[in-house]
Structures are given as C-alpha cells and as structure tokens.
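Reckoned from all heavy atoms, side chains included, excluding hydrogens, waters and symmetry mates. In what follows, chains carry the letters A, B, and so on, assigned in the order in which the sequence lines appear, proteins first and then strands, with residues in each chain numbered from 1. Computed from a predicted structure; not experimentally measured.
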Amino acid sequence: MSLIPDKPPFKLLDILYKKEFILFVVLVSILIINSNISPYFLDLYNLIDSTFLFSEKAIIALTMTFVIIARQIDLSVASIIAVSSVVLGYTTSLGYDTWLVLLLTLLSGTLCGAFNGAIITKFAIPSIIVTIGTMSLFRGLAYSFLEDSYYNKFPKLVGKLGGGYLYGYIPYAFLTFILLAFVFAFILHKTSIGKKIYSIGNNPDAALYTGIAVDKYTFVLFTLNGLFSAIAAIFLSGRLSSVRPNIAFGWELEIITMVVLGGVYIYGGSGSILGVVISIFILGMLSFGLGLLNVPGVGIIIFTGLLLILSIGFPSFVRTLRRKNE
Amino acid sequence: MKKILLNRDFILFSIILIILIAVGFANPLFITPKSISDVLTDTSILIILALSQMIVILIRAIDLSVASNLALSGMLISLLSTVHPELPVYYFIALSCVIGTILGVLNGISIAILKVPFIVTTLGTLSIYRGLIYFVSDGKQVYSNEFSEDFLALIHFKFLSLSFLFWLAVVVFILIYVLLNHTRFGRNLYSLGGNPDAAKYIGVNENKYIIMAYSLSGFFAGLCGYLWVARYSVASTQIAIGFELTVISACVVGGISVMGGVGTVLGCVLGALLIGLIRNALPAVDISQFWQLAISGGIILLAIIINTKTEQRKEKTIMVEN
Amino acid sequence: MRIALVVKGLGIGFFEAAAEGGEEAAKEIGGVEVIYTGPATTTAEAQIEVINSLIAQKVDAIAISANDRDALASIGKKAMDRGITVISWDSGIAEEGRIMNLDPSNTALIGSSNIKWMKNSMGDEGEFAILSATSQATNQNAWIEEMKKEHAKPEYSKMKWVDTVYGDDLFDKSYQEALGLFKKHPNLKGIIAPTSVGIVAAAKAVEDQGLVGKVFVTGLGLPSEMKAHVKSGAAIQFGIWNPIDLGYSAVYLSHQIASGAYTGQEGECIPTGRMGEICIGAGNNAAMADPFIFDASNIDKFAEIF
Amino acid sequence: MKLELKNISKNFHGVKALQNVDFQLQENSIHALLGENGAGKSTLVKILCGVYQPDSGIINLNNKQQSIPDPSASLSLGISAIHQESVMFDELSVTENVFIGNHITKSNGLVDWGLMQDKTNQLLKDLEANIEPNEKIKDLSIAQRHIVQISRSLIHDADIVIMDEPTASLSQKEINELYTIIRNLKKQNKSIIFISHKLDEVIEVCDEFTVLRDGELIKSDSIQNTNKDQLITYMAGREVNQIFPKNNVTIENEIFEVRNLFKKTQFKDINFNLRKKEILGFYGLVGSGRTEIMKSIFGITKLDEGEILFKDQKILIRKPSDAIDQGIVYLSEERQQLGMTGLMSVKDNINMAVMDRNSNFYVMNTLKEIKNSSAMQEKLNIKVSYWSQLTQSLSGGNQQKTVIAKWLSTKPEVLILDEPTKGIDVRSKSAVHEFMGELVEEGMSIMMISSELPEILGMCDRVVVMYKGLIKDILNVKETSSEQIVKLASGES
Ligand SMILES: Nc1ncnc2c1ncn2[C@@H]1O[C@H](COP(=O)(O)OP(=O)(O)OP(=O)(O)O)[C@@H](O)[C@H]1O
Ligand SMILES: Nc1ncnc2c1ncn2[C@@H]1O[C@H](COP(=O)(O)OP(=O)(O)OP(=O)(O)O)[C@@H](O)[C@H]1O
Ligand SMILES: [Mg+2]
Ligand SMILES: [Mg+2]
C-alpha cells in the first residue's frame with residue numbers, strides 16, 4: 001500500500017496565513033489598545049457586562065455560519081426575532097404556563113424559518129431574494145399584531161435568562177453562546193453533517209448528484225436559523241423586558257458582518273466556527289472600547305465597515321502583489 | 001400569443017393594472033390624474049436608483065451602499081449650500097454626482113482590485129458612508145429654511161403638469177435603455193453577467209466593467225442625493241435609511257436576475273412602479289398603517305414567485321411529439 | 001462631576017438644543033463635565049449599549065430621554081446599583097429604572113393644548129388626523145391618550161378625528177405619511193404632529209401639494225424649523241417648551257441629586273438655577289413648564305433662539 | 001509561413017504549462033495540435049487569442065513580429081478561435097453571440113443591430129443552417145450552438161481559425177458536417193489549428209501535426225509521415241496498446257430492468273434490461289435524451305410514468321440516495337459541475353458518497369476515510385501528493401479517476417457511466433476502459449453512454465440506439481455494423 005500523507009509537511013509559516021490567526025492577532029491588538037486607552041476597560045464587571053451586548057446576535061451568528069457555508073443567506077433573522085418576541089409577550093399575556101410560553105415562542109421562530117426554507121427549496125429562488133421579502137413580511141406581521149401597543153410582562157424565567165448571571169458572574173446568554181459554539185464547532189468540523197454542509201456550499205449540484213439531500217439540508221438550516229432567532233428573542237426580550245415590533249432592527253446586517261468578518265466565505269464552502277467566535281469578540285470589544293471613549297455609535301459603524309473590508313481586502317491584496325512579483 | 005402571456009414584463013404590467021383598478025374601486029380619488037402624477041413623482045427616485053442598481057445586478061453583483069451614498073452626497077452638498085447659498089443649483093447637482101461617483105469608484109476598486117466580495121464591500125461601505133454623514137455634519141440636520149430658494153426651486157418645476165422628478169426619471173430611463181441595448185458597453189455588461197468566464201475570451205475586462213458599473217451606480221446615487229434632499233428639503237444622518245432594500249426589491253420584482261445577465265430595462269421600471277404603487281396605494285385605501293409592511297412584503301414575495309415560475313416553465317424539449 | 005445627557009438619537013435638532021442647555025447648566029454649576037451622547041438609531045437596544053459604556057466609565061449621573069420606558073428600566077436599575085444617579089427627562093423610564101422623571105410639561109396639558117391649537121388653526125369643524133413619531137413612543141402615546149380625552153369634550157363635536165399615522169421621527173417617512181393622509185382623506189383640514197420632525201414634514205407636504213389654506217398643521221415643533229411654514233401659512237399656531245431649558249434642567253437636577261443635596265423623592269422641591277424650583281409629584285414625576293405658543297406674531301423672535 | 005511561435009514559455013504559479021515551445025503554421029493548411037491532458041494545448045491557443053500573455057517568446061504573423069495584448073487585438077490580427085470552454089451566452093440572441101465582443105457600431109457609436117442581423121442571416125444561410133438570428137442560444141441544440149460558434153469565427157473573416165476540441169461532444173454525423181466546413185475553410189485559403197483527442201479524425205482531416213508533452217515540444221511534422229500508434233507514442237512518451245480491452249466474461253442473468261419510462265417532452269416508451277456483468281451501451285446524437293433517462297433513473301428528475309425493477313423487485317427511486325442505497329450509481333458527463341467539489345480535498349471527494357459509512361453516529365472517522373482513499377488510490381492509480389490536496393489542482397484525468405473512486409467506494413452493482421472518457425487523453429482513456437473490464441469481471445454491470453462509436457463497438461455487449469427521446473433499437477454489438485447504428489441514431493430508418 002502506498003503511503004500518501006494526509007497533509008503536506010507542517011510549516012510554521014503556514015499558520016501566519018490562516019485567517020483565524022490573523023483574526024486572533026487583531027483581537028489581541030484591540031484588547032491591548034483598549035486597555036491602554038481607557039482605564040475602565042480592564043474591569044471584570046465591565047467586561048462581563050459587555051457580553052450582554054453581543055451574546056444574542058452571536059447565538060444567531062452560529063446558525064448563520066452554517067447557512068452561509070451552505071451558500072445561502074438569511075436576511076430575515078431580525079424580523080423573526082420580532083415575531084417570536086411578540087408570541088412570547090402574547091402567550092404570557094394569555095396567562096399560559098412558562099414552559100408552554102417558551103415552547104410556543106420557539107415554535108413560532110421555527111415556523112418562520114421553515115417558511116423561508118420551504119419557499120427557497122420548493123420554488124428554487126435564491127435565498128437573498130426570498131429573505132428580503134420575508135424580512136418585510138415577518139416584521140410587518142409583528143407590527144400588524146402589536147399595532148401601537150407593547151408587552152412588558154414576561155415569565156420570571158425569561159427575565160432571569162435575559163439579564164441574569166450564573167453564580168453571579170456569568171451571564172446566561174453568554175454562557176449559552178459559548179456552549180453552543182462548542183456544539184456547533186463539533187458538528188461542523190467533526191461530523192458528517194458538517195462535511196455535507198461544506199459539500200453543499202462548495203458545489204450544490206455535485207452534492208445533489210452524490211446523494212446528499214441538498215434541499216432537505218437547506219430547509220433544515222433555515223428552520224434552525226429560525227429556531228435560534230427565537231432563542232435569541234427569548235434572551236433579548238428578557239433583557240429588555242419589553243417587546244415592540246421594531247425590536248432588533250437592523251440586526252441581520254450586524255450578524256452577517258460577524259460571520260463574514262470571521263472568515264466565512266460569502267459564496268459558501270469555507271469558514272470555521274473558531275473564526276466566527278473570534279470575530280464576535282473583535283466586534284464586541286471594538287464597540288465596547290469605542291463606547292468607553294464615548295465615540296458615538298456611528299463611529300463604531302465606520303470602524304466595523306473598515307474592518308470588514310480591510311480584513312478581507314488586505315490579505316488578498318498582498319497575495320496579488322506577491323503573485324505579480326513571482 | 002402564449003409567448004406574450006408568459007412575458008415577464010407583460011405579467012408585471014398586468015399586475016400593476018389590476019392593483020390600480022382595485023385601488024381605484026376602493027378609493028376613486030386615487031386614480032385621478034393628479035393622484036397618478038403624484039405617484040409617478042414619488043416613484044421617480046426609486047426608478048432612477050433601480051435602473052442604476054440594475055446595471056450592477058446585471059454583472060452578478062449588488063450595491064447595498066446606494067442609500068448611504070445618496071445620503072452622504074446629499075448631506076455634503078447641503079452643508080455646502082448653507083455656507084454658499086449663492087452658488088447656482090447646477091453646481092450642486094454636478095457636485096453631488098461627482099461625490100456619488102467617487103464613492104461608487106471606491107466600491108468598485110475594493111471589489112475589482114482588492115477582491116473583496118461585493119456583498120462584503122457594499123455592506124462595509126453601507127456602514128462607512130452612513131457613519132461619515134454624522135462626522136461631516138457633526139450630527140446636525142440641514143432643514144428647509146437653511147437651503148437657498150434656488151436649491152429647492154428646480155424640483156418644483158413642472159412640464160405638462162408632470163413633475164421635474166418624473167421627467168428626469170424618463171430621461172434616465174431612455175439613457176440607460178440606450179446604454180444597455182445600443183452600446184457595446186451595455187452589451188458587454190450582459191455578456192459579463194451571463195457568463196463571466198466566457199466574457200474573458202471576448203476581451204471584456206472584468207475589473208474595468210465592475211468599476212464602471214459601480215461608478216454608474218454611484219453617479220446616480222449622487223444625483224438622487226440632490227433630488228432627495230431637495231424634494232424633502234432636509235438632510236440628516238437618517239435620510240433614505242434602508243432604501244437600498246426597496247431598490248433591490250424593485251429590481252428583483254422587475255425580473256432582473258441576481259444570477260446575472262438577465263433582465264430588461266422596461267421590466268426594471270415596471271418593478272419600481274409596482275413597488276411605488278403599493279407604497280402609495282396602501283395608505284390611500286383603508287388599510288391600517290400597521291398592516292402595510294406585511295402586505296407589501298407579501299406582495300413582493302408573491303411577485304418574485306410568479307416571476308420565477310414563469311421563467312421555469314420554459315423547459316426545453318427533446319422529444320418531437322408525433 | 002461627570003453627567004451624561006443621553007438622547008433618543010443623535011442628529012435631531014430638538015436634542016441638539018437640549019445639549020446646549022445642558023452645557024449652560026454645567027458652566028453655571030462649575031466643575032461639571034457634560035457627556036452628550038446617544039445612539040445612531042432611535043432604538044432601545046442601541047441606547048442600552050450607550051448607557052452600558054457610561055456605567056463602565058463610572059460617570060456620576062445619567063439623564064436619559066428614553067426610546068422605550070420598559071426596555072431601559074433594567075439598565076437604569078443596574079446603573080443605580082453601581083451607585084450612579086439616574087433620572088429620565090423628556091421621555092420617561094419606568095419607575096423602577098430611575099430616581100425621578102422630568103416631563104417637559106404636564107402631560108394632560110400638552111394633550112389638551114394640541115387639540116386647542118388644532119381648533120384655533122382649522123376652525124371647529126372638519127376632519128383632522130394625527131401624525132406621530134413611532135407607534136411605540138412613550139411620550140407621544142401618552143399625549144395622544146390625553147388628546148382623546150380632550151377631544152371627547154362637546155366643543156369639539158364637529159371636529160372629526162379620522163386617522164392616526166406614524167412617521168417614525170424620520171423626515172422622509174413622515175412626509176410620505178402626510179401625503180398618504182391627503183389621498184385617503186380628501187376633506188382633511190388639519191394635522192396634529194406632536195413631534196418636531198413630523199410637524200415640519202407635514203407642513204412641507206402641505207406646501208408642496210398646494211394645500212396651504214386648506215390643510216393646517218399644528219403640534220410640537222421648534223420655532224427655528226417652523227418659521228418658514230408659519231410664514232407660508234401652512235401652520236397658524238403651534239407650541240413647544242424650550243428644549244434649552246429642558247436640557248438645562250435635566251443636567252441641573254442630575255447634579256443636585258448626584259451631589260447628595262437632594263434625594264429626588266416625591267414632595268421635594270429642587271432649586272434648578274435660572275429655572276427656579278422644580279417640585280416632584282406622585283411617582284417621582286415632575287413637570288418643567290407649560291408649553292409656549294408660537295404664531296406669526298412671535299416666531300421671528302424665537303427662531304433666533306431655538 | 002502564416003504564423004510562427006518561437007520559444008514560448010508560460011508559467012502558472014509554478015506550473016510550467018509551456019516551455020520554450022516553437023510552433024509553425026503554414027499557409028492554407030490544417031494543423032493538428034496534439035497532446036495528453038494538460039500538455040499545454042489550450043494554453044497555447046489562449047496565448048494566440050490574447051487571453052494569456054506569454055512569459056517569454058516571440059509571435060510572428062505573416063513574417064512580422066506581433067504582440068497580442070487582448071482578445072480584440074487577436075481578432076483584428078485575423079485570428080479567431082472556438083475555445084474548449086463554451087464561450088456562449090445563453091440568454092443572448094444568435095446574432096449577438098456571433099458578434100459578441102465585436103459589435104458593429106454606427107457612426108454615432110451605437111450598435112447597428114440591423115446590419116448585424118443581416119450579416120448573421122446571410123452567413124447562416126451560407127452554412128445551410130436552419131437557425132433564426134433572433135433565437136436565444138439557450139433554445140438551440142448542441143449542434144446548432146456549434147454552428148453559431150463557427151459563424152462567429154467566419155464573420156470576422158479570420159485568416160487563422162483555431163478549434164480547441166470542437167468534436168468532443170458532437171455525434172458522428174455532426175462531426176462529418178464539421179469536417180465539410182473545415183475543408184471549405186481551407187479552400188478559402190484559411191489556416192486552421194485543430195485540437196482533438198480523436199486521432200482517427202486527426203489523421204483524416206489534418207495536413208500537419210505538432211505534439212506537446214508536459215509543456216514541451218515533442219514533434220512537428222506532416223501527417224503523411226506518421227500513423228496513429230506513433231502519434232500515441234509521441235503523446236504518451238511510451239507505447240500504449242490495447243485501446244479497447246475486450247472483456248471475455250460470461251454474462252449472467254438479468255439484474256436491472258426499466259418498463260415504459262415516460263417523461264413529458266423528454267422521452268417515452270423506454271424499455272430495456274441489463275444483465276449481470278454486462279456492458280450496455282447507449283448511443284445517439286447529443287441531445288437525444290440519454291442523459292435525461294439516466295437522470296430520472298437516478299432520481300435527479302421525476303419520471304412521469306414507468307417502473308424500475310432491480311433484481312426482479314419493483315423499486316422506487318425518488319432521490320439519488322435511494323438509488324445509491326440500492327447499489328445503482330451514476331457518473332455524470334459534467335465532471336467539474338456535477339461530479340466533484342473542486343475546493344474540497346481529494347480524500348473528501350473520494351469519500352463523499354460514503355460519509356455515513358465512514359462515521360460512527362455522525363462523527364467522522366478519519367482513519368476509515370484514509371483507508372478507503374488509499375484502497376481506491378491503489379486500485380485506480382490516482383496521482384495525488386497528499387490527501388488534503390484540493391481536487392481542483394489535479395489534472396483532468398485524475399479528477400475523473402477521483403470521481404470514479406467516489407462511486408466505487410459505494411460498492412455499487414450497477415454503474416451508469418455518462419461519457420466517461422469525454423475530453424480525456426488516450427492513455428487515461430485506455431486506463432478507464434481497462435478498468436471497466438475489471439469491474440465487470442468483479443461482477444458489476446455497466447450502462448455506458450458514449451457518443452464515440454468505436455468506444456461503443458469496442459466495449460459494449462449490446463447497444464441501445466436513441467433518437468429524439470425514443471429507443472430506435474437495441475442491438476447486439478457483435479451482430480451489427482457501425483453504419484446501421486449511425487443510421488438508426490440519425491433517425492433514418
Ligand atoms: N489558468 C490556469 N491556472 C493554473 N494552471 C493552469 C491554468 N491554465 C492551465 N493551467 C495548467 O497548465 C497546464 C496546461 O493546461 P492546458 O489547458 O493548456 O492543457 P491542454 O493540453 O489543453 O489539456 P486538455 O487536453 O485537458 O484540454 C496544465 O497543467 C494546467 O493545469
Ligand atoms: N436542445 C438542447 N439545447 C441545449 N442544451 C441541450 C439540448 N439538448 C441537450 N442539451 C444539453 O445536453 C445535456 C444532455 O442532453 P440529453 O440528455 O438530452 O442528451 P444525451 O443524449 O444524453 O446527450 P449527451 O450525448 O450530451 O449526453 C442536457 O442536460 C443539456 O445540458
Ligand atoms: Mg485544452
Ligand atoms: Mg448526455
């Protein structure tokens with residue numbers, strides 16, 4: 001039997017070209033700069049509290065990573081949060097039992113996701129178009145149901161999940177995100193499910209011809225994205241203790257930014273959970289650091305935009321230059 | 001005959017007609033000439049932006065930054081007009097177009113030279129351009145009383161009782177129609193979008209075309225920057241926020257395929273008209289404002305599904321039935 | 001002492017004027033630094049993010065005009081737990097999330113005044129509609145409730161309230177909504193816009209559609225922004241309180257409470273510099289002053305100020 | 001001398017596609033450019049067309065040194081090409097495809113649609129092609145598309161016409177028509193560069209030949225001075241014998257059968273059976289519906305009517321995994337688009353259809369994957385440096401082997417091969433044929449779609465001949481002739 005190695009010989013230099021490594025360097029630099037600029041940055045309480053600001057988005061970013069690796073995109077997640085939050089508030093107002101309330105909330109998100117998945121697979125329409133439509137549709141449903149009213153009463157458990165800490169230190173939302181990140185990393189990188197998702201993202205036609213149920217996977221991924229939007233909705237509603245139809249407005253782009261900055265190729269087929277997790281921390285720490293300097297929100301927006309373009313543009317620019325020199 | 005019935009533009013036109021008639025029944029005032037002319041005026045900016053977005057979508061890309069570009073160009077000329085109200089309006093229009101073009105070129109360079117995928121690039125500049133408005137204006141708005149009269153007057157000019165905006169949209173329609181159908185540049189855009197690999201063999205320089213398409217998109221965003229500011233006589237960080245999605249919806253409803261290389265200029269205009277019509281008609285009939293978002297989302301989705309279905313029905317035949 | 005003045009969103013004329021007032025108060029008191037800040041979009045989530053970083057900076061007091069009374073309650077509570085003085089102004093936070101709330105004016109009075117101005121502008125007969133900010137805005141909704149009560153009185157029986165629409169405090173959206181109102185209600189005679197963005201948009205729409213003299217706009221607006229529209233005749237009469245005074249009072253109150261001189265509890269009367277004393281009523285609510293009315297006679301003068 | 005290339009070299013990030021190649025094209029001659037997959041033929045063509053720039057070397061045209069910076073420069077120098085890759089634009093009209101990249105413009109700079117329309121019309125009439133200039137390319141048949149491609153080079157009145165594997169996906173009849181056109185071109189004093197892996201036709205139509213191997217020039221001479229075996233030796237660098245290894249296995253009883261398959265507008269009355277250890281050929285013109293039938297058997301598309309029997313049991317195949325579970329697999333003719341995922345590793349591709357078997361409750365077992373890959377590599381002799389190498393970076397022949405390995409990993413009983421040797425060189429081709437023989441010996445049954453008659457006659461036991469979605473006849477290969485098959489396939493009897 002011929003002995004073909006699995007990988008080319010390991011070279012230390014290769015690590016430098018890994019996206020995750022570059023992201024990691026960026027994260028460390030941000031941490032160092034932040035702690036030098038603001039005396040308030042390196043404060044355990046502050047750092048823990050800052051996780052509240054990104055944990056809900058981060059949870060959706062995990063499933064969104066799957067969706068984008070499978071060469072799809074979902075612009076309707078924030079609108080699904082609105083729908084699920086409304087269901088959460090409404091079922092609470094009906095006096096349902098806490099568990100039933102949670103179940104129905106999760107169900108509503110799942111159904112929205114399944115609706116996306118069904119239209120995308122049944123009619124073979126690109127997901128970017130379908131979810132532009134359902135983005136208005138879902139949020140519109142939330143508006144038409146709530147009109148000018150709102151909900152501000154939720155089960156105790158929801159409030160605790162959204163704003164509470166485990167052992168007084170670890171926010172539940174953050175904890176959930178970290179645990180899920182491990183689960184998702186395992187699924188994506190170690191199981192046949194993950195490998196099939198990569199195949200679908202790389203070449204959906206070839207995947208279909210290889211017996212992979214492309215439509216089924218696509219459908220399930222969108223459904224899952226809906227489910228996770230509902231989970232995020234529970235944390236967010238609990239944290240805000242208020243549901244209004246404009247909840248989580250504009251989050252879809254922030255979530256996609258998290259994923260793309262994490263090195264997930266927007267046309268599918270490549271990317272890792274580790275990269276996305278690092279990118280979530282980069283964005284979280286960046287906006288927290290700038291917030292400490294009272295740079296207005298728009299400033300943070302500009303930084304994020306630049307970071308997004310440069311993180312992808314710079315390496316490819318260097319690559320082109322090197323190729324020219326060859 | 002069957003061909004006509006399956007023609008996308010025709011289907012779209014019929015949908016528009018049906019909605020117009022239905023709304024007319026519910027509220028006869030909606031279909032008076034005055035009201036229709038208002039709808040056309042109101043849709044003009046959308047038409048112009050949809051047409052320029054079409055150029056980008058034709059080459060398999062999307063420009064998510066148009067609304068931010070529009071708002072930034074609009075803000076810059078507004079600020080200038082508060083300092084130099086004596087400058088003629090043409091000066092501001094030209095300047096707005098130039099600024100828009102520059103912002104568009106930056107998109108193009110990032111995509112073509114830096115090889116940052118278009119979604120990432122324009123998602124980034126969507127934020128950057130929007131954020132820059134805050135910095136150039138220091139967070140202040142420019143209100144109607146701060147503009148010179150000349151600055152605002154042009155927009156109220158009317159011809160045949162149709163507004164300046166409408167006629168401008170007509171001019172842009174003709175320009176882009178000629179550009180896409182009767183120039184080498186336009187035809188090469190179609191070939192590049194239809195089959196990018198093959199386009200290389202016929203000498204289409206992909207990078208050049210990407211940059212050109214984005215500069216055109218930027219140019220018209222800049223133009224609309226002036227139009228928007230003058231029409232509403234306000235410039236602020238918030239203007240036209242989220243409008244990029246309306247523009248893209250108009251293109252998609254109009255049958256411009258996001259897979260590139262497919263779509264007609266007429267279809268694009270009809271798509272914009274349909275969306276403009278819905279936006280204007282829903283408030284006019286007695287539908288609660290709270291339902292409008294859901295209904296327009298539903299109609300967009302439906303139009304897309306109908307569009308795709310008619311396209312997919314045309315299957316090729318192998319067997320000759322005998 | 002560092003006092004943060006947190007507004008609903010940056011770039012709104014009303015709040016820029018309030019910030020001016022805040023600076024004025026700081027100068028008067030001395031040794032006070034005002035941090036004027038707010039989110040880019042008028043959402044509760046973004047505002048929470050801003051407040052979170054203020055807490056982390058351990059500022060001494062935070063004065064908030066809230067995008068959502070409930071959503072900001074828990075972050076307000078957290079700030080108080082960390083020893084920060086939290087008050088709300090202009091648009092309040094739910095009671096448990098702040099020490100006290102400063103309304104610009106008595107809520108009932110604002111509601112009834114708006115209806116009165118409408119009557120004075122359009123006459124006592126005909127259709128009118130409301131063009132509000134977001135459908136969720138706490139203060140606008142409270143005012144609209146009060147307007148309903150006032151409108152129920154017999155002297156308004158011939159004034160027909162036909163519609164309520166929302167322009168989300170975005171100028172272009174408000175303008176669109178105003179156009180929609182004209183189409184849907186061809187006999188419309190008046191629009192009440194209890195928001196400084198909406199009132200200008202509505203007035204502009206009236207002018208652009210050539211409806212001056214047929215449709216009258218009133219509500220709450222800044223004289224500087226409304227001057228042209230009063231001149232054109234689109235608006236006869238409208239009102240507002242002085243945003244400079246409001247920002248001034250908010251910073252002043254924050255300082256008084258944060259320095260420990262006052263508690264901000266019901267029954268207290270707190271001296272606030274040139275504004276005199278502000279007395280705190282039930283639910284730790286206080287009102288600043290009555291709305292001031294503007295029309296052709298005084299608009300020029302006040303347009304210079306705010 | 002019409003065209004002379006001297007010392008042309010071209011590197012792609014370290015891959016030496018061409019090394020100091022000389023090439024001479026005489027006036028009024030048909031010149032065959034030969035070589036195995038990856039020898040550098042297409043690269044040479046693309047340099048002539050201005051798609052690539054050579055790293056070094058000189059191009060002389062009509063004894064004058066020229067540079068060809070871009071495709072339009074190439075056109076204006078009178079060079080026109082039909083590329084190996086399709087350079088067609090499906091959504092655009094025939095007229096436009098003919099003039100693409102070189103639209104005629106009026107004096108005002110606008111495109112002159114009328115004139116282009118007229119010229120196209122005239123040209124299509126000259127070629128006796130029944131094609132409407134206004135039709136969209138996507139509505140044309142494969143053969144018609146070729147005519148449009150040829151029209152494109154004729155319209156520019158080019159002196160040099162390059163055809164890179166124009167016959168790869170044409171049927172015999174269409175190939176013959178193409179030869180007529182080529183010979184006509186020669187009569188009009190044009191020079192032609194002709195690239196093909198079908199050596200018989202090369203010897204038939206060409207005047208001269210040049211053989212490249214691994215980017216180097218091996219031999220250039222007149223066709224009269226050589227023969228097929230010698231050409232193969234030049235190309236492969238060694239002798240390759242036994243192009244069609246006959247398999248002398250005993251065919252056993254029936255294993256697979258279809259009855260009355262029908263799909264609207266695609267095919268109807270499809271009945272045939274397959275026996276164990278048999279190779280059943282499918283012959284027909286391109287677009288005669290062979291692929292469509294296999295796609296519906298494999299569960300890619302839905303059948304309207306008909307039943308499928310496997311080992312005398314009626315089976316229901318609704319999706320490809322149903323077929324794979326039964327032991328029926330389909331190797332698509334479109335290797336790159338439908339066969340493999342180029343940006344994933346060779347190992348992943350080989351194991352793609354057996355992921356479930358290589359995992360324990362969804363968790364991948366890398367050891368099992370490598371084991372299977374090694375076994376396949378040994379069996380098929382795939383040239384790969386390490387398992388995580390991207391499949392894209394393999395040569396065409398090795399890519400095809402990887403795809404075959406993917407299917408063999410599933411241990412299928414019925415193997416459907418759709419044009420398994422299309423576009424691969426003689427050596428790889430014979431490897432595939434040899435391998436088919438081995439598989440049958442091991443007990444597998446094969447259905448093979450092919451548009452090459454020699455391949456059908458050499459490899460198959462029986463052949464199903466198709467014409468426009470109908471089965472014309474099923475013939476025993478030993479008792480038929482190529483004339484009869486061609487006649488049936490063109491609907492003449
Ligand atoms: N754009 C490219 N980038 C990288 N390598 C390339 C590129 N084009 C060709 N090559 C490499 O150059 C070599 C020659 O390829 P070329 O396409 O010229 O071969 P060919 O003789 O036409 O083969 P075939 O018969 O398969 O068409 C191959 O090793 C190929 O992998
Ligand atoms: N009329 C046509 N127009 C365009 N493409 C066609 C046409 N006919 C066939 N094709 C292309 O060729 C492929 C194979 O077609 P089909 O199944 O009809 O015939 P086939 O006999 O299998 O031909 P092939 O020899 O190419 O495999 C189709 O999937 C399609 O891409
Ligand atoms: Mg080749
Ligand atoms: Mg086929």
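When the candidates A:Asp43, A:Leu53, A:Asn152, A:Leu236 are compared by the number of heavy-atom contacts under 4.5 Å with chain C, A:Leu53 comes out ahead. Ranked by heavy-atom pairs shorter than 4.5 Å toward chain C, the options A:Ser50, A:Gly163, A:Pro245 are led by A:Pro245. The candidate with the highest count of non-hydrogen atom pairs below 4.5 Å against chain C, out of A:Ser242, A:Gly299, A:Gly250, is A:Ser242.
Residue C:Ala56 comes nearest to A:Leu292 through the heavy atom pair CB-CD2, 3.5 Å, listed as atom of the first residue, atom of the second, then distance. Contact between A:Gly291 and C:Ser53 at its shortest, heavy atoms only, is O-OG, 3.4 Å.
Annotation: C:Lys58, atom NZ; neighbour count of heavy atoms from other residues, nucleotides and ligands within 6.0 Å is above 12. The neighbour count for C:Tyr156 OH, taken as heavy atoms of other residues, nucleotides or ligands under 6.0 Å away, is above 12. For A:Tyr165, the OH atom is densely surrounded, since the number of other residues' heavy atoms within 6.0 Å is greater than 12. In A:Tyr96, the OH atom is not crowded: 12 or fewer heavy atoms of neighbouring residues, nucleotides or ligands sit closer than 6.0 Å.
Heavy-atom distances place no part of A:Phe41 under 4.5 Å from chain C, backbone and side chain included. Looking at C:Leu54, the atoms closer than 4.5 Å to chain A (heavy atoms on both sides) all sit in the side chain, from C-beta outward. Using a 4.5 Å cut-off between heavy atoms, C:Arg82 touches chain A through its side chain atoms alone. C:Tyr36 does not touch chain A: none of its heavy atoms, backbone or side chain, sits under 4.5 Å away. Within the 4.5 angstrom heavy-atom criterion, atoms from both the backbone and the side chain of A:Asp49 approach chain C. With a 4.5 Å cut-off on non-hydrogen atoms, A:Ser237 does not touch chain C at all.
The structure places CD of C:Glu45 at 7.0 Å from CG of A:Asn246, a figure rounded to the nearest 0.5 Å. Distance check: C:Asn52 CG to A:Phe288 CZ gives 6.5 Å after rounding to the nearest 0.5 Å. Here C:Arg69 contributes atom CZ and A:Tyr150 contributes atom OH; the two are 5.5 Å apart, rounded to the nearest 0.5 Å. Atoms CZ and OG, on A:Arg239 and C:Ser74 in that order, are 8.0 Å from each other to the nearest 0.5 Å. In this structure, CD1 in C:Ile55 is found 13.5 Å from OH in A:Tyr40, a value given to the nearest 0.5 Å. Between atom CG of residue C:Asp70 and atom CZ of residue A:Phe154 there is a gap of 8.5 Å, rounded to the nearest 0.5 Å.
Counting heavy atoms from C-beta on, the side chains of C:Thr134 and A:Arg244 never come closer than 4.5 Å.
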